[in-house]
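Take a look at the structure below.
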Amino acid sequence: MNVSTTTLRRYEDQGLIPDVPRTPSNRRCYTSLHMQGFVTIRALLRGYEIPEVYDVMKENYES
């Protein structure tokens with residue numbers, strides 16, 4: 001996806017993807033659902049402004 005781990009963490013912190021489970025050593029365990037979220041965000045950003053994309057994703061994954 002050519003994005004930094006910081007960007008992925010920001011998506012998580014902003015509530016744009018579902019909660020990410022952690023291992024006992026506190027490492028993130030992304031699933032295929034998280035990958036779909038990341039791909040969706042990146043695709044939406046090609047055609048929409050950041051606030052719009054974030055609003056749409058938050059409606060779907062807010063915890």
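What you see below is based on every heavy atom in this structure, not just the backbone, and it leaves out hydrogens, waters and symmetry mates.
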Side-chain polar contacts of residues 1-10 - donor-acceptor pairs under 3.5 angstrom, sequence neighbours left out - could you list them?
unit_1	atom_1	unit_2	atom_2	d
Ser4	OG	Thr6	N	3.4
Ser4	OG	Thr7	N	3.1
Ser4	OG	Thr7	OG1	3.1
Thr5	OG1	Arg9	NH2	3.2

Practice problem: Sort and list the pairs that fulfil salt bridge (Lys or Arg N to Asp or Glu O under 4.0 Å) and have at least one residue in residues 30-53, not counting sequence neighbours. | Solution: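 Qualifying pairs, neighbours excluded: none.
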
Filter on salt bridge (Lys or Arg N to Asp or Glu O under 4.0 Å), then keep only pairs touching residues 28-38, sequence neighbours left out; what's left?
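Non-adjacent pairs meeting salt bridge (Lys or Arg N to Asp or Glu O under 4.0 Å): Glu12-Arg28.
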
From Gln36 CD over to Ile41 CD1, what is the distance, rounded to the nearest 0.5 angstrom?
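So the gap between those two atoms works out to 12.0 Å.
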
Looking at Arg22, I'd like to know if its CZ atom is crowded, meaning that more than 12 non-hydrogen atoms belonging to other residues, nucleotides or ligands lie closer than 6.0 Å.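 More than 12 heavy atoms, drawn from other residues, nucleotides or ligands, come within 6.0 Å of this atom.
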
- Applying side chain to side chain contact (heavy atoms under 4.5 Å, CB included), run through Leu16 and Val53 and close with a yes or a no. CA-CA 9 Å; Leu16 306 182; Val53 172; over 6 Å; no

Provide the closest heavy-atom pair for Thr23 versus Cys29 in the form atom of the first, atom of the second, distance.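 It is CG2-SG, 3.2 Å.
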
Exercise. Closest heavy-atom contact between Leu33 and Pro18?
Worked result: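 Of all heavy-atom pairs spanning Leu33 and Pro18, the closest is CD2-CG, 3.6 Å.
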
Audit row: Val56, Tyr48, side chain to side chain contact (heavy atoms under 4.5 Å, CB included) steps and yes/no:
CA-CA 11 Å; Val56 167; Tyr48 298 93; over 6 Å; no

Over 60° means perpendicular and under 30° means parallel, so classify the ring planes of His34 and Phe38, tilted if in between.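 Rings of Phe38 and His34: tilted, 30 to 60°.
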
